[in-house]
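The shown structure was predicted, so the numbers you read here are calculated from the model rather than taken from an experiment. In this chain, residues are counted from 1 in sequence order.
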Amino acid sequence: MKLLFLVRHAKSSWDDLTLDDFDRPLSERGMKNVPDMVFRLDAWKTGPQLIISSTALRAAQTASFFVQGLTGQPRLEICPELYTESADELLEVIEGSPKQVDRLMVICHNPALNELINRLGFALENLPTCGVVVFGFEVDCWQAITSEPAVTIYYDYPKRKKVK
């Protein structure tokens with residue numbers, strides 16, 4: 001079984017309008033949201049072995065929080081192909097992941113993430129910043145994930161109401 005963790009980068013800062021989109025850092029809110037999301041996901045105790053992140057600053061910063069905060073300290077790879085608006089390009093990266101990795105996290109951007117999430121069968125209008133969706137696949141290799149139905153296992157985001 002393969003688990004695919006899809007994560008949208010945390011909230012980015014728009015304080016400096018002269019910065020290129022690629023170079024925008026996390027905002028103060030983003031910096032607060034990531035540790036909370038890492039804590040929630042880590043409580044699940046089945047975290048990723050490998051995190052692949054977009055090269056954009058806000059995504060790389062988000063990935064750094066996950067790498068440092070998750071039990072087992074997953075390995076991190078930075079991937080320029082994830083700075084895209086194309087779900088097909090995301091799929092190419094995922095399908096090219098090592099077979100021995102059973103739990104993979106991808107941190108990148110909308111609209112590509114939304115499109116991929118919907119393609120995999122979870123109807124979602126907009127994955128919020130720092131939102132996490134986890135899919136399970138009964139396959140042996142990442143190349144086969146589109147040939148088998150995905151099972152949505154987990155969905156969380158920073159503003160989700162907590163059950164009391």
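Tracing side-chain contacts under 4.5 Å through hydrophobic residues (I, L, V, M, F, W, Y), one never reaches L90 starting from I78; they form parts of separate clusters. Hydrophobic clustering (side-chain heavy atoms under 4.5 Å, transitive across Ile, Leu, Val, Met, Phe, Trp, Tyr) groups V34 together with F5. W44 and V7 fall within the same hydrophobic cluster, defined by Ile, Leu, Val, Met, Phe, Trp and Tyr side-chain heavy atoms under 4.5 Å apart, directly or through other members. One hydrophobic cluster holds both L4 and L82 under the rule that ILVMFWY side chains link at heavy-atom gaps under 4.5 Å. One hydrophobic cluster, built from ILVMFWY side chains closer than 4.5 Å, holds both M37 and I51.
Between the side chains of D88 and S86, not a single donor N or O lies within less than 3.5 Å of an accepting N or O.
Partners of Y83 by side chain to side chain donor-acceptor pair (under 3.5 Å), not counting sequence neighbours, listed by chain and number: D21. Remark: T71 pairs with D42 by the side chain to side chain donor-acceptor pair (under 3.5 Å) rule, at least two apart or across chains. Annotation: side-chain contact (heavy atoms from CB on, under 4.5 Å) contacts of R75 (sequence neighbours excluded): L50, E77, V101. In terms of the side-chain contact (heavy atoms from CB on, under 4.5 Å) criterion, residue partners of L57 (sequence neighbours excluded) are, by chain and number, P25, Q61. Under the side-chain contact (heavy atoms from CB on, under 4.5 Å) criterion, N126 pairs with R8, N110, N114, sequence neighbours left out.
Put simply, the side chain of S12 does not reach to within 4.5 Å of the side chain of S27, judged on heavy atoms. Side-chain contact check for S54 versus I107: every heavy-atom pair is 4.5 Å or farther apart. Two residues are said to be in side-chain contact when any heavy atoms from C-beta on lie closer than 4.5 Å; Y155 and L124 meet this criterion. You'll find the side chain of R24 stays beyond 4.5 Å of the side chain of S13, heavy atoms only.
Atom CZ of F22 has more than 12 heavy atoms from other residues, nucleotides or ligands within 6.0 Å. Counting heavy-atom neighbours within 6.0 Å of E85 CD, excluding the residue itself, gives a total of 12 or less. Within 6.0 Å of CD on Q73 lie no more than 12 heavy atoms contributed by other residues, nucleotides or ligands.
The distance from the CD atom of E28 to the NZ atom of K11 is 13.0 Å, given to the nearest 0.5 Å. Distance check: Q143 CD to L91 CG gives 11.5 Å after rounding to the nearest 0.5 Å. Put simply, NZ on K159 and CZ on R29 are 4.5 Å apart, with the number rounded to the nearest 0.5 Å. One finds the CG atom of D102 at 11.5 Å from the OG1 atom of T46 (value rounded to the nearest 0.5 Å).
Under the 3.5 Å distance criterion, the side-chain polar atoms of T62 are matched with a main-chain donor or acceptor of A10. Proximity of a side-chain donor or acceptor of R40 to a complementary backbone N or O of Y157 within less than 3.5 Å is detected. At least one donor-acceptor pair under 3.5 Å links the side chain of R103 to the backbone N or O of G47. Looking at D156, its side chain never comes within 3.5 Å of a backbone N or O of L41 through a donor-acceptor pair. Side chain of K2 to main chain of L104: no donor-acceptor pair is present (N/O by atom type, distance under 3.5 Å, no hydrogens or angles).
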Could you go through residues 128-138 and list every donor-acceptor pair under 3.5 Å that involves a side-chain atom there, pairing it with any protein atom two or more places apart or in another chain?
none

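Closest of all the heavy-atom pairs between C79 and V93 is SG-CG2, 3.9 Å. When all heavy atoms are compared, the tightest approach of T146 to E95 is OG1-OE2, 3.6 Å. Heavy atoms only, all atoms of each residue included: L127 and L6 are closest at CD2-O, 4.4 Å. What you find for L70 and M105 is that their closest heavy atoms are CD1-CE, 4.3 Å. Residue S53 comes nearest to L76 through the heavy atom pair CB-CD1, 4.2 Å, listed as atom of the first residue, atom of the second, then distance. Between S97 and I52 the shortest heavy-atom distance is OG-CD1, 3.7 Å.
D36 and K32 are not joined by a salt bridge, as no carboxylate oxygen comes within less than 4.0 angstrom of a charged side-chain nitrogen.
In this structure, H109 and H9 have tilted ring planes: the angle between them lies in the 30° to 60° band.
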